[in-house]
Amino acid sequence: MPQYQAVKGTRDIFPEEVARWKYVEGVVDAQASLYGFSEIRIPVFEYTELFQRGIGSTTDIVGKEMFTFQPDPKGRSLTLRPEMTAGVMRAAIQNNLLASAPVHKLYYMGELFRKERPQAGRQRQFSQFGAELLGVSSPAAVAEVITLMMEVFRSLGLQRLKLRINSLGDADDRLRYRVALQNYFSPFADILDDASKERLEKNPLRILDSKNPALQELIAGAPKLYEYLSEASVQDFEKVLFYLKERTIAFDIDHRLVRGLDYYCNTAFEVTSSELGAQDAIGGGGRYDGLARELGSSTDVPAVGFAVGMERLLMTMEKQALFDVVAPQAPLVYVVVQQQELADHALQMVCRLRNASIKTEIDLAARSMKAQMREANRIKASYALFVGATELTTGLYSLKNLATSEQTMLTLEALLELLGESAAGMQLQP
RNA sequence: GUGAUUGUAGCUCAGUUGGUUAGAGCGCCAGGUUGUGGCCCUGGAGGUCGGGGGUUCGAGCCCCCUCAUUCACCCCA
């Protein structure tokens with residue numbers, strides 16, 4: 001056991017895997033841009049109250065999962081961001097973004113922190129990308145956000161994802177439904193588990209989320225949310241579904257989908273991957289018209305957004321073998337030095353090549369030729385370029401094609417021309 | 001926070017009812033080829049068997065504690 005190791009629930013990402021992340025990030029950038037979303041970057045920590053107000057004090061995230069700290073005894077409590085939406089909304093309100101234009105379409109990528117017990121698909125530091133559409137939450141806006149999310153998945157080649165969707169109703173609907181639920185569950189309070197008992201008072205909707213087998217029958221008999229939706233809410237939901245059908249986005253209506261964050265209203269959705277194990281939600285989101293007011297905005301800011309877990313996305317892609325196309329770029333030429341007296345000259349060669357944008361590598365440890373060649377082979381260089389006594393006296397350099405083992409002697413000019421062409425040719429490949 | 005699981009070389013793992021100097025494959029380094037890689041052959045480095053305590057003549061194997069891992073619950077991305 002090494003003295004120092006990564007903190008529980010965190011991990012290192014090594015170069016081979018970084019290439020995969022960059023590939024996914026590139027697709028996110030491209031798709032978000034196509035849909036007219038611009039990237040926003042916000043602080044990694046905020047005042048704790050922001051999350052307490054924004055996410056909701058009854059949620060597990062706020063209740064037991066936040067990394068909270070106090071910079072000094074008199075300082076205000078700070079918290080590492082456990083999600084992005086509250087911070088993005090805070091940034092929008094603070095900078096009065098909506099005054100400059102009525103609608104803002106923002107996307108983000110970044111690390112989040114939640115103090116949960118790690119397991120497959122769950123870490124204490126993890127990454128999400130997501131989008132927030134501020135200023136409108138019309139069915140068209142909701143559909144736009146869902147479409148963007150699904151398009152990212154499609155562009156990456158993901159298969160067998162399941163989109164579930166539900167309407168939670170507006171504030172009035174939820175209030176009426178909440179009362180109905182409390183009336184229904186109260187007589188059974190002694191049957192409920194501790195968590196559900198607590199929710200009975202604070203947030204009875206979430207009792208429906210429980211997977212406790214003992215409660216399933218009771219939950220099945222509970223009043224249905226959709227029976228309490230107003231005509232306007234139903235029509236709003238139907239319109240969202242209409243848009244999705246029009247775009248041939250497959251979905252399942254799931255009346256039990258509630259989602260854990262307090263701020264959602266009306267449409268809520270979640271995407272799951274069958275490849276993931278117990279933690280199978282790869283992305284989710286919904287409408288949150290009330291959040292801005294909750295955070296002190298003087299005006300209403302209707303909004304809708306989604307977030308996707310990067311690690312879970314990458315895991316699913318791995319399982320579906322979607323990374324074959326992402327190969328690390330090997331150096332084109334490896335400069336091999338015959339004897340150490342020629343090392344300085346060889347380094348000059350390396351500079352010449354690199355200045356010509358030719359990817360070049362050289363041994364910096366003064367190792368034997370055999371070792372240098374082995375290294376060239378190991379890193380899959382295309383060519384070995386020899387620098388020895390002969391080259392120095394004749395001005396002709398030996399260039400060996402490591403795939404074919406063919407070797408030719410060239411002037412420096414011819415060398416630059418040939419390798420320059422090869423480099424250009426390589427760049428054309430995906 | 002609860003439950004279970006697993007900790008032996010850089011990696012993947014063997015290690016027989018507790019019994020001499022703890023092994024293999026891959027990887028790494030070097031030599032076989034003092035101007036040339038891959039394949040092959042030979043050799044080498046690398047382990048306080050997660051840590052601590054206990055039982056025993058003797059512990060990688062048994063017992064206790066502890067740390068860490070993984071998976072699941074809860075919940076979420």
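Sequence lines set the chain letters: A, B, ... in the order given, protein chains first and strands last, and positions in each chain run from 1. If you're wondering where the values come from, they're calculated on a predicted model, not measured in any experiment.
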(message) When the P atoms of A45(B) and G50(B) are compared, how many Å lie between them, rounded to an integer?
(response) 23 Å

(message) Under 4.0 Å, counting only non-hydrogen atoms across every strand here, what does I282(A) touch: a base, just sugar-phosphate, or nothing?
(response) sugar-phosphate

(request) Would you indicate which nucleotide in C71(B), C74(B), A30(B) comes nearest to any side-chain atom of A120(A)? (result) C71(B)

(request) Please determine if a side-chain N or O atom of K8(A) lies less than 4.0 Å away from the OP1 or OP2 oxygen of U69(B). (result) yes

(message) Please tell me if Q119(A) has a side-chain N or O lying less than 4.0 Å from either OP1 or OP2 of A72(B).
(response) yes

(request) Please say which of L415(A), L410(A), T408(A), T411(A) ends up in a side-chain contact (heavy atoms from CB on, under 4.5 Å) with L396(A). (result) T411(A)

(message) Using a 4.0 Å heavy-atom cut-off, does Q123(A) contact any base of the nucleic acid, only the sugar-phosphate backbone, or nothing at all?
(response) base

(message) Work out how far the C1' atom of G1(B) is from that of C28(B), and round it to whole angstrom.
(response) 44 Å

(message) So, OP1 or OP2 of G50(B): does either fall under 4.0 Å of a side-chain N or O from Q5(A)?
(response) no

(request) Record whether the side chain of R117(A) comes under 3.5 Å of the base of C74(B) through a donor-acceptor pair of N or O atoms. (result) no

(message) With a 3.5 Å cut-off and heavy atoms only, can you find an N or O donor on one side and an acceptor on the other between the side chain of N377(A) and the base of G37(B)?
(response) yes

(request) For the side chain of R367(A), starting at C-beta, report the closest nucleotide among A30(B), A77(B), G37(B). (result) A30(B)

(request) With pairs defined as Watson-Crick or G-U wobble and both distances under 3.5 angstrom, please note down RNA chain B as a dot-bracket string, | for pairing with another strand. (result) ((((.((..((((.....[...)))).(((((.......))))).....(((((..]....))))))).))))....

(message) Base of C74(B), side chain of E116(A) - is there a donor-acceptor contact under 3.5 Å?
(response) no

(request) Please state the P separation for the pair G44(B) and U6(B) - nearest whole angstrom. (result) 36 Å

(request) Can you figure out which of U36(B), A77(B), C75(B) approaches the side chain of M373(A) most closely? (result) U36(B)

(message) Is it the case that G37(B) (base atoms only) and K400(A) (side chain only) share a donor and an acceptor within less than 3.5 Å, ignoring hydrogens and angles?
(response) yes

(message) Once salt bridge (charged side-chain N to carboxylate O under 4.0 Å, His left out) is applied, do any residues pair with E49(A), and if so which ones, sequence neighbours excluded?
(response) R76(A)

(message) Among C28(B), A77(B), C75(B), which nucleotide has an atom closest to any side-chain atom of Q279(A)?
(response) C75(B)

(request) Test for a donor-acceptor pair under 3.5 Å between the base of U36(B) and the side chain of Q407(A), counting only N and O atoms. (result) yes

